[in-house]
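The structure appears below as structure tokens.
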Amino acid sequence: MQQLKICGGRRLVGEIRVSGAKNAALPILAASLLTADDLVLHNVPDLADVRTMLKLLSGMGVRVERNGTDVTLNAGAVTSTVAPYELVKTMRASVLTLCPLVARFGTAEVSLPGGCAIGARPVDQHIRGLRQLGASVEIDHGYVKAQAARLTGAHLVTDMVTVTGTENLVMAAVLADGVTVIENAAREPEVVDLCNCLKAMGAKIEGEGTPVIRIEGVERLHGAEHTVIADRIEAGSFFVAAVVTQGDVLVTHCEPRHMEVVLDKLREAGAQLNVGADWVRVRMTGRPKPVSVRTVPHPGFPTDMQAQFMTLNCLAEGTARITETIFENRFMHVPELMRLGAQISIEGHTAIVQGVPALTGATIMATDLRASASLVIAALAAQGESTVDRIYHLDRGYEHMEDKLRSLGADIVRVNA
Ligand code: EPZ
């Protein structure tokens, strides 16, 4: 088991480059199943979850060639339409292979992902939409088994906004016979990036980024070349690290227009921001002001930034309220932050954070991806040494995070425990 040893209290100063977005790369990699031609991708981050998706696709017979952040995939000779439990249990986004497999091959057998630390995270909306598009779908021994000679366009309204649910159903509809309308669609930039890639492959899609997406099915999709958007959550995590260490950090190759709400909240906290076309500079002196947030679907405040802003508020001059409306169990970083001296109480889905002048180092345990980022950020600000355990959670969504932080002056090393 690996750990991060962090000696906190040092300002982060310098420039770092953001990687490609994990949550855009994962659906786009799955989209390679929709064509027999090459899909050539750039800016694909080197993350555990991406490696898992590439392993899953390779196991289906997809040819994968990787050279740094460039990945070429070819699904011209797929040999299996099964996504096995052994892989799906390690990465729930494997469910994104379900609809491309049914759309192109008429059949799919994808393990149910099971729950995860932050919630039950069912996939009932994926299944319900696929049935409405004409597939026969049954759950058998923990697997979703779907069949369809050819999917038929339909009018879909999801029960709630679901990011991968929207992505899966778009990928089902692009090869369906007729027109599909998805209402209550997710508007995240990662959904838009997937749609842009699919349109480059010949799909007919409009309305992406709005609550209503309209897809006109086509007979086949062709190959394309696509560059994955920047990771707005990685960028946001570094912004918060700059604030809590009273630093001065320039984050490049990011997309500020995907982060308007987060940037506004950083200004509310008292950070000084300079914003360019593809860069943001964050400077901070003194303690942040408290910033209350309520997580909602895009374009509102993102749930994937909730834990990081919890850390910011732990050091704020006052009290903040953080309400999590997307997942039912996304406060597991709270008891770990309290080991560092944070003062937090939880009332239902709201955490009340009373800022303190300083945190002190301790041994803490990561529980899920974004919680682990919030703990690393807190340790960077804490006085003294911290050890963050179970950092495999961090590696799922952050590319070489300790290297990037060290380049900004952090005293951080990865050790084998
Ligand atoms: C995506 O997860 C992201 N993952 C998550 O990022 C992100 O937190 C989440 O969207 C919300 O923005 C990827 O894109 C790979 P949802 P997803 O379906 O699609 C309920 C990270 O840290 N729901 O939008 O699984 C669900 O339980 C990860 O990078 C159903 O009930 O989330 C949740 O309460 C964590 N039935 C809500 O909807 C369904 O069929 C939103 O979930 C689908 C979802």
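Atoms within a ligand are numbered from 1 in the order they appear, just like the ligands themselves. It should be emphasised that the depicted structure is a prediction, and the values quoted were computed from it without experimental measurement.
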Is the closest side-chain donor-acceptor distance between [X] and [Y] under 3.5 Å?
X: Thr295; Y: Glu324; value: yes
X: Asp159; Y: Gln125; value: yes
X: Glu225; Y: His42; value: yes
X: Gln308; Y: Ser237; value: yes
X: Gln147; Y: Ser136; value: no

Relative to ligand 1, is [X] under 4.0 angstrom through side chain, backbone, both or neither, heavy atoms considered?
X: Ile233; answer: neither
X: Arg330; answer: side chain
X: Leu369; answer: side chain
X: Arg121; answer: both

Among protein heavy atoms, which lies nearest [atom], and at what distance?
atom: atom 4 (N) of ligand 1; value: Asn23 ND2, 3.7 Å
atom: atom 1 (C) of ligand 1; value: Val163 CB, 3.9 Å
atom: atom 39 (C) of ligand 1; value: Pro122 O, 3.1 Å
atom: atom 8 (O) of ligand 1; value: Asp304 OD1, 2.6 Å
atom: atom 9 (C) of ligand 1; value: Phe327 CZ, 3.9 Å
atom: atom 19 (O) of ligand 1; value: Thr164 OG1, 2.6 Å
atom: atom 36 (N) of ligand 1; value: Asp124 OD1, 2.8 Å
atom: atom 34 (O) of ligand 1; value: Ile326 O, 2.6 Å

Counting from 1, what ligand 1 atoms have a heavy atom of [X] closer than 4.0 Å?
X: Arg370; value: 21 (C), 22 (O), 29 (O)
X: Gln125; value: 36 (N), 39 (C), 40 (O)
X: His126; value: 40 (O)
X: Val161; value: 24 (O), 41 (C)
X: Lys22; value: 21 (C), 29 (O)

* Would Tyr85 and Tyr143 satisfy ring pair (Phe, Tyr, Trp, His ring centres under 6.0 Å), going step by step from the backbone distance to the final call? -> CA-CA 8 Å; Tyr85 175 68; Tyr143 278 75; 7.5 Å; no

* Structure fact -> Closest heavy-atom pair, Thr158 versus Met160, reported as atoms and distance to 0.1 Å, is OG1-O, 3.0 Å

Does [X], backbone or side chain, put an N or O under 3.5 Å from an N or O of ligand 1?
X: Gly165; result: no
X: Arg92; result: no
X: Thr303; result: no

Is the shortest side-chain N to carboxylate O distance from [X] to [Y] below 4.0 Å?
X: Lys404; Y: Glu402; value: no
X: Asp304; Y: Arg330; value: yes
X: Arg281; Y: Glu15; value: no

* Can you name the side-chain hydrogen bond (donor to acceptor under 3.5 Å, both in side chains) partners of Asp395, sequence neighbours left out? -> Arg414

* Nearest 0.5 Å please: distance from the CD atom of Glu216 over to the CG atom of Asp177. => 10.5 Å

* **For Ala271, side-chain contact (heavy atoms from CB on, under 4.5 Å) partners two or more places apart** => Val243, Leu266, Leu273, Val282, Met284

* Asked: To which of Gln306, Met160, His393, Glu167 does the heavy atom nearest atom 38 (O) of ligand 1 belong?
  -> Met160

